[in-house]
Amino acid sequence: MKKHLFIILILTSMFSFSQEKEFTGDPDTAFERARELAFNEQRAKAQDSLKFILTKYSNYHDIRSFLANTYSWDGDYDKAKKEFEYILKDRPDRLNDWKLAITNELRSDAPDSALEMTNKGLSHFPENPDLLYLKASALEDLDKKETALETLQQLLEKHPGHAKAKSFKDSLLDDLSKNTIGASASVDLYSEVFDPMQYYLLKYARQTKYGSIHAKVNINNRFESTGAQFEIDAYPKITKGLYAYVNVGFSNSFLFPKLRYGAELYKSLPKSLEASLGFRTLKYNASTTIYTGSVGWYTGNSYWSLRSYVTPGEPKTSVSGTLSYRKYSRNADNYYSVGVGLGYSPEVNRFYVEGIDEAVINLDSQKLNLGYNFTSKSNKNAWGIQAGITHQEISFDPGAYFWIYSISVSWNMKFRGK
């Protein structure tokens, strides 16, 4: 009798298990419960429920679409792709699933596949703005920025109010603007001894695949004289996470070194850190070599930088340092800045008086600088305003100090050129 009862129980269990292989119940109610699970950090349970409903209602595409979306959220891009392909094969008229499927491909770093899908989607929904936007995104990921820009222009011709497309277009134009011209002007006002000193800069910069190159003309009006210096800066890319700074400059004015040159290596480090090490050489009648290094740290929208200058000389080596902070807003050209420094460096101050063989390097100095940089809405034009105050030892009267009040303004404009 017990043996028969045992067999009956086994058969009943098997029958019940087989019954659970196919969903029975209200699919809409079950779908709603699965959504609640998914949005309450019970993703795996939600996915099991959704798959179970689909055993009975395989063409309930809203359920399959939501299941695919949960896979994409979890990074299971291949699973999501399989579900989207099932839906779109049966119902290619489901626009939202085209958008979700393409987004899944972009998330999975498969821009080729995303581009192919956008073209298929556009064959069903010609000139749809959202599909055109996703197509431009795929083209940008494929580094086809010119074609991406053409796609966005096509979109905006039909839909001029598409805010995301306008913002994307501005970003692409900014990336494609490889040329920059700029100018700046600044003045130092001294509390005693010296008349105001004026500084001007004109520059042209070009971004290349090897790094950027800057040609600059510095014009100073100091000590009742005006002089100019011509400089070239380059930032060559060496390998991923490693680039350099190289500089050379010439002048026939006593206000500048006859020759200046320098180099520095920058290396990206773990934990969003960056470090550099280099030198600058300034040749007046004699040469002064300055050794410099920095440590930078990116954290959120903030950037901290500590830079030091070490200048060997008589009667002692000069050491100076500056701690800088930037708070960024919408991009790298929009930020507030604060800088505090101790010590004197001829690389920064470039203080030289005619008739002295060497640049002055041993002066006590403290400084504070505040700045604000901002751009136009399209990022084409950038402006900067800086103000600072310095308490500095007088070079020809050791132990005596004056105050220097500084203000500067700058402007840069990007353009595409050729």
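Computed from a predicted model, the values in this text were never measured in an experiment. Residue numbers start at 1 and run along the sequence shown.
Under a 3.5 Å cut-off, the side chain of T208 and the backbone N or O of Y210 do form a donor-acceptor pair. Under the 3.5 Å distance criterion, the side-chain polar atoms of T70 are matched with a main-chain donor or acceptor of L67. Checked by atom type and distance alone, the side chain of N331 pairs as donor or acceptor with a backbone atom of N334 at under 3.5 Å. Distance alone, capped at 3.5 Å, places no donor-acceptor pair between the D76 side chain and the K79 backbone. Side chain of S225 to main chain of N221: no donor-acceptor pair is present (N/O by atom type, distance under 3.5 Å, no hydrogens or angles). Between the S320 side chain and the L342 main chain, no donor and acceptor come within less than 3.5 Å of each other. The closest donor-acceptor contact from the side chain of D97 to the backbone of I87 lies at 3.5 Å or more, if one exists at all. Using a distance-only test at 3.5 Å, with no hydrogens or angles considered, no donor-acceptor pair links the side chain of W98 to the main chain of T118.
Interatomic distance, K267 NZ to L273 CG, rounded to the nearest 0.5 Å: 11.5 Å. Rounding to the nearest 0.5 angstrom, the gap separating the CG atom in L149 from the CD atom in Q154 is 12.0 Å.
Residues S410 and S184 come closest through the heavy atom pair CB-CB, 3.7 Å. Across every non-hydrogen atom of A228 and S251, the tightest pair is O-OG, 2.7 Å. The nearest pair of heavy atoms linking P312 to T289 is CD-O, 3.5 Å. In this structure, S276 and E264 approach most closely via the heavy-atom pair OG-OE2, 2.5 Å. Across every non-hydrogen atom of L88 and A101, the tightest pair is CD1-CB, 4.1 Å. Between W383 and S376, the shortest heavy-atom contact is CZ3-N, 3.7 Å.
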| Verdict with reasoning, Y405 to F194, per ring pair (Phe, Tyr, Trp, His ring centres under 6.0 Å) | CA-CA 12 Å; Y405 308 96; F194 296 113; over 10 Å; no

| field | CA sep, side-chain torsions, deciding dist, call: F254, F223, side-chain contact (heavy atoms from CB on, under 4.5 Å) | value | CA-CA 10 Å; F254 79 92; F223 309 122; 4.2 Å; yes

| task | Show your reasoning for whether salt bridge (Lys or Arg N to Asp or Glu O under 4.0 Å) applies to K414 and D333. | result | CA-CA 12 Å; K414 294 181 178 180; D333 294 319; 3.7 Å; yes

| query | Under the side-chain contact (heavy atoms from CB on, under 4.5 Å) criterion, do Q198 and R222 qualify, and how do the steps go? | reply | CA-CA 7 Å; Q198 301 164 34; R222 298 183 286 158; over 6 Å; no

| Where do I389 and S406 land on the side-chain contact (heavy atoms from CB on, under 4.5 Å) test, with the steps shown first? | CA-CA 6 Å; I389 183 170; S406 305; over 6 Å; no

| message | Please evaluate residues K120 and E116 with respect to the criterion salt bridge (Lys or Arg N to Asp or Glu O under 4.0 Å), reporting the C-alpha separation (whole Å), side-chain torsions for both, the decisive distance (0.1 Å), and the verdict. | response | CA-CA 6 Å; K120 288 181 180 177; E116 181 181 353; 3.7 Å; yes

| field | Test side-chain contact (heavy atoms from CB on, under 4.5 Å) applied to K237 and L242, step by step | value | CA-CA 7 Å; K237 299 175 183 177; L242 181 67; over 6 Å; no

| message | Applying ring pair (Phe, Tyr, Trp, His ring centres under 6.0 Å) to Y336 and Y328, what does each step give before you reach the verdict? | response | CA-CA 7 Å; Y336 296 92; Y328 293 97; over 10 Å; no

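Ring pair Y190/F402 is perpendicular by interplanar angle, where above 60° counts as perpendicular and below 30° as parallel. By the 30° and 60° cut-offs, the orientation of the rings of F66 relative to F39 is perpendicular.
No side-chain heavy atom of N369 sits under 4.5 Å from any side-chain heavy atom of V338. Side-chain contact between L201 and K216: present, with at least one pair of heavy atoms (C-beta onward) separated by less than 4.5 Å. You'll find the side chain of T317 stays beyond 4.5 Å of the side chain of T311, heavy atoms only. Here the side chains of I290 and V310 are not in contact, with every heavy-atom distance at 4.5 Å or above. Side-chain contact between K45 and D48 is absent, with no heavy-atom pair separated by less than 4.5 Å. Two residues are said to be in side-chain contact when any heavy atoms from C-beta on lie closer than 4.5 Å; Q47 and D74 meet this criterion. Inter-residue side-chain proximity for I181 and N412 is flagged as unmet; no heavy-atom pair is nearer than 4.5 Å. The side-chain heavy atoms of V246 and D233, taken from C-beta on, include no pair separated by under 4.5 Å.
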Acceptor/donor pairs from residues 159-169 side chains to any protein atom, 3.5 angstrom cut, sequence neighbours excluded:
unit_1 : atom_1 : unit_2 : atom_2 : d
H162   : ND1    : A165   : N      : 3.1

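Within the structure, the side chain to side chain donor-acceptor pair (under 3.5 Å) test picks out the following pairs touching residues 142-151 (sequence neighbours left out): E146-R416. Within the structure, salt bridge (Lys or Arg N to Asp or Glu O under 4.0 Å) pairs that include any residue of residues 191-200 do not occur (at least two apart or interchain).
Under the side-chain contact (heavy atoms from CB on, under 4.5 Å) criterion, D141 pairs with L106, P111, not counting sequence neighbours. By the side-chain contact (heavy atoms from CB on, under 4.5 Å) test, Y60 is found to be paired with P27, D28, F31, Y57, D62, I63, residues two or more places apart in sequence or in another chain being considered. In this view, D188 satisfies the salt bridge (Lys or Arg N to Asp or Glu O under 4.0 Å) rule with no residue, not counting sequence neighbours.
For S58 and R64, the side-chain atoms include no donor-acceptor pair closer than 3.5 Å. Checking N179 against Y204 by side-chain atom types alone, a donor-acceptor pair falls below 3.5 Å. A side-chain N or O of D90 and one of H61 form a donor-acceptor pair less than 3.5 Å apart. Side-chain contact check for R307 and T292: at least one donor-acceptor pair (N or O, by modelled atom type) lies under 3.5 Å. Using modelled atom types, one finds a donor on one side chain and an acceptor on the other under 3.5 Å when comparing Y86 with N59.
Checked against the 6.0 Å centroid criterion, the rings of Y291 and F279 do not qualify as a close aromatic pair.
Between K203 and E231 there is no salt bridge, since no side-chain nitrogen of the basic residue lies less than 4.0 Å from a carboxylate oxygen of the acidic one. Salt bridge absent: D170 and K377 never bring a charged side-chain N and a carboxylate O closer than 4.0 Å. A salt bridge does not link D130 to K135: none of the charged side-chain nitrogens sits closer than 4.0 Å to a carboxylate oxygen. Checked for salt-bridge contact, E105 and K81 meet the test: a charged N lies under 4.0 Å from a carboxylate O.
Around the CZ atom of R33, the shell of radius 6.0 Å holds no more than 12 heavy atoms that belong to other residues, nucleotides or ligands. With a 6.0 Å radius and a threshold of 12 heavy atoms from other residues, nucleotides or ligands, D26 has its CG atom above the threshold. More than 12 non-hydrogen atoms from other residues, nucleotides or ligands lie less than 6.0 angstrom from CG of N301. Within 6.0 Å of the OH atom in Y372, the count of heavy atoms belonging to other residues, nucleotides or ligands exceeds 12.
A cation-pi arrangement is absent between R107 and Y77, since the terminal nitrogen or guanidinium carbon is not both under 6.0 Å from the aromatic centre and inside a 45° cone about the axis. By the 6.0 Å and 45° rule, R326 does not stack over the aromatic ring of Y303.
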